[in-house]
Student: 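Here it is: the structure, laid out below.
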Number of protein chains: 2
Amino acid sequence: MTKYEPGHKEATREKIVTTASRMFRERGVRATTVPDVMEAAGLTVGGFYKHFESKEDLFCAAFDEALASTKRSNDKARGEVSNEEWRRRTAERYLSEFHRDHPEAGCAFAALCGDLQRAEPEIRQQVQNGLVGLIGGFETHMSGSGPEAREAAWRFLAQMLGGLVLSRSVADANTSTEILEACRGMDRPPSSASEIKA
Amino acid sequence: MTKYEPGHKEATREKIVTTASRMFRERGVRATTVPDVMEAAGLTVGGFYKHFESKEDLFCAAFDEALASTKRSNDKARGEVSNEEWRRRTAERYLSEFHRDHPEAGCAFAALCGDLQRAEPEIRQQVQNGLVGLIGGFETHMSGSGPEAREAAWRFLAQMLGGLVLSRSVADANTSTEILEACRGMDRPPSSASEIKA
DNA sequence: GTCTATACTCCGATAGAC
DNA sequence: GTCTATCGGAGTATAGAC
């Protein structure tokens, strides 16, 4: 009962959560088993249910962790640049080959999109809170004002998310890169793909 | 051996494939079991492996069926309209509440995005072939020419896909609709969200 | 607090009757 | 060609030792 120093259990829990967060993003929720997570965390299955009520409970915590992690890296990259430059940099980072190849450390919405679409209300509420917060930040870097900027922010996010997911799903590396590069061109809608760049 | 009329096995196989195609899109691949599919098709598990080598084999066939089905409905909706009008109509149909609420009858890329990102090479090749074919059609409705139109087509598809997936993942119906409506504004990039519409 | 061991359920796949 | 029955494996969750 008192064999471990105080805070040990909390540290263990956090270790499990961060490990699960990466594994869920890499393999998907259903393909990630509780024994797998515990082993990857250097533990065994037995102790798991002293930390979490269920696998779903773990997923809630892990998804939150992934969102927080994304938010941290977003905040870190925040500089004082023009809106256009901010969009260019953000898209370049999001639609990079590195991000494509490392879902376990990347955007939770993209990596878990299959699971989130069918998730329970509790998770969907987390998704919503995460997205609304994200969009609130994006909004300030769009050109319109008020509702227009918000709409533009949703489109911005949707195009990035869709591009990343598509680039991760095709067989050929060249096609995958083609998708990434095409979707980085945020400021060029289907109707004006002319003068901006060759 | 001769208890059933000729063509019966083919018909049974097709029944299994179309049933699976819908169930995979609705529940995801891992959550859909072979017994479930067979029961939904009015059959029992036993006969399954006389039609398919494995569950993965079924998924290949079912994914192909879903692509073909989407292609048929795309071709049907093809009218003689301006590029801008074509994009407006396509986005309106893709980003509709009906499509959002009926993944089992809708876009396979969106419904299966989680599975496709982690699929075997064989499936990824099918994804690629399907996407390239789709983009080839989209291209002709973009405004630029050559590579520019192709880039614009990828962006168009990515924004629709991302918007649909996001709209399916949030808890609140109002937010979901907000996302759909925002992403329908295809011709309004983040940089020019001003004069086009209030 | 974490371990080993196990109960219970369900899935993918096969065997053999009809 | 499709059925019933079952094997083998895996996954969630629990029990009890340390």
Side-chain angles (χ1 to χ4, degrees), chain A residues 1-24 26-63 112 114-115 118-120 122-123, chain B residues 1-24 26-63 112 114-115 118-120 122-123:
Chain A
M1 200 83 153
T2 53
K3 250 191 296 191
Y4 300 85
E5 64 265 49
H8 177 83
K9 182 172 182 182
E10 258 315 303
T12 302
R13 188 193 146 99
E14 201 166 314
K15 172 78 177 168
I16 298 171
V17 171
T18 55
T19 304
S21 175
R22 293 178 69 89
M23 292 183 75
F24 282 141
E26 185 175 348
R27 309 186 189 181
V29 178
R30 294 189 70 103
T32 304
T33 72
V34 174
D36 280 350
V37 172
M38 293 300 276
E39 191 185 4
L43 300 162
T44 54
V45 229
F48 177 78
Y49 293 89
K50 293 284 194 287
H51 293 279
F52 305 95
E53 280 188 4
S54 63
K55 183 185 176 182
E56 170 132 5
D57 187 19
L58 170 64
F59 180 58
C60 287
F63 182 63
L112 300 169
D115 300 298
R118 303 169 184 99
E120 298 298 302
E122 187 175 351
I123 293 283
Chain B
M1 199 86 155
T2 54
K3 249 191 297 190
Y4 301 86
E5 63 264 48
H8 177 81
K9 183 173 180 182
E10 257 316 304
T12 301
R13 187 193 148 100
E14 202 166 314
K15 173 78 177 165
I16 298 172
V17 171
T18 55
T19 304
S21 175
R22 294 177 69 90
M23 293 183 74
F24 282 141
E26 185 176 349
R27 309 186 190 181
V29 178
R30 294 190 70 103
T32 304
T33 71
V34 174
D36 280 349
V37 171
M38 292 300 276
E39 190 185 3
L43 299 162
T44 54
V45 229
F48 178 79
Y49 292 89
K50 293 284 195 285
H51 292 280
F52 304 95
E53 280 188 5
S54 63
K55 184 185 176 182
E56 170 132 4
D57 186 20
L58 170 64
F59 180 59
C60 286
F63 182 63
L112 300 169
D115 301 298
R118 303 171 183 97
E120 299 297 303
E122 187 175 351
I123 292 282

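Order of the sequence lines fixes the chain letters, A, B, ..., with proteins taken first and strands second; residue numbering starts at 1 for each chain.
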Student: Any donor and acceptor pair, going by atom type alone, linking the side chain of K15(A) with main-chain N or O of G42(A) inside 3.5 Å?
Tutor: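 The answer is no, because no donor-acceptor pair under 3.5 Å joins these two groups.
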Student: In whole angstrom, give the distance that lies between atom CZ of F48(B) and atom C1' of dG1(D).
Tutor: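 Going from CZ in F48(B) over to C1' in dG1(D) covers 15 Å.
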Student: Out of dG1(C), dC11(C), dA13(C), which has the shortest distance to the side chain of H8(A)?
Tutor: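 For H8(A), the side-chain atoms sit closest to dG1(C).
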Student: For the pair made of CG in D36(B) and C1' in dT9(C), what is the distance, rounded to whole Å?
Tutor: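 It works out to 14 Å between those atoms.
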Student: To the nearest Å, how far apart are H51(B) NE2 and dG12(C) P?
Tutor: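 H51(B) atom NE2 is separated from dG12(C) atom P by 17 Å.
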Student: Looking at dG1(D), dC3(C), dT12(D), which one has an atom nearest to any side-chain atom of L43(A)?
Tutor: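 Output: dC3(C).
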Student: Atom CD of E39(A) and atom P of dT4(C): how far apart are they, to the nearest Å?
Tutor: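 After rounding, the gap between these two atoms is 11 Å.
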Student: Tell me the interatomic distance from K50(A), atom NZ, to dA17(D), atom P, rounded to whole angstroms.
Tutor: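 Distance check: K50(A) NZ to dA17(D) P gives 13 Å.
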Student: Side-chain contact test, heavy atoms from C-beta onward, threshold under 4.5 Å: evaluate it for F52(B) versus I16(B) and give yes or no.
Tutor: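 F52(B) vs I16(B): side chains touch.
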Student: Decide yes or no on side chain to side chain contact (heavy atoms under 4.5 Å, CB included) for R118(B) and E26(A), but give the supporting numbers first.
Tutor: CA-CA 8 Å; R118(B) 303 171 183 97; E26(A) 185 175 348; over 6 Å; no
Student: Compare every heavy atom of F24(B) with every heavy atom of A62(B), then report the nearest pair and how far apart it is.
Tutor: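 Where A62(B) meets F24(B) most closely, the heavy atoms are CB-CD1, 3.8 Å.
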Student: Using atom CZ of R30(A) as one end and atom P of dG11(D) as the other, report the distance to the nearest whole Å.
Tutor: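 Roughly 12 Å, once rounded to whole Å.
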Student: Can you check the M38(A) CE to dG11(D) P distance for me, whole Å?
Tutor: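 The answer, rounded to whole Å, is 15 Å.
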Student: Does G46(B) or K9(B) map to a spot on DNA chain D nearer the 5' end, using the closest nucleotide for each?
Tutor: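 The residue mapped nearer the 5' terminus is K9(B).
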Student: Please classify the nucleic acid contact of T44(A) as base, sugar-phosphate, or nothing, using heavy-atom distances under 4.0 Å.
Tutor: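 It contacts base atoms.
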Student: Once you apply a heavy-atom cut-off of 4.0 Å, does K55(A) come out as touching a base, just sugar-phosphate, or nothing?
Tutor: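 Since only primed, P, OP1 and OP2 atoms lie under 4.0 Å of K55(A), the category is sugar-phosphate.
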Student: Quickly work out the F24(A) CZ to dG11(D) C1' distance and round it to whole Å.
Tutor: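 Taking atom C1' of dG11(D) as the reference, CZ of F24(A) is at 13 Å.
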Student: Does the side chain of T12(B) get closer than 4.0 angstrom to OP1 or OP2 of dT2(D) through an N or O atom?
Tutor: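 Looking at the OP1 and OP2 atoms of dT2(D), one of them is under 4.0 Å from a side-chain N or O of T12(B).
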Student: Compare all side-chain heavy atoms of V45(A) with those of E39(A) and state whether any distance is below 4.5 angstrom.
Tutor: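 Not touching, per the 4.5 Å side-chain cut-off.
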Student: So, does Y49(A) get its side chain near the phosphate of dT14(D), meaning an N or O under 4.0 Å from OP1 or OP2?
Tutor: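 No.
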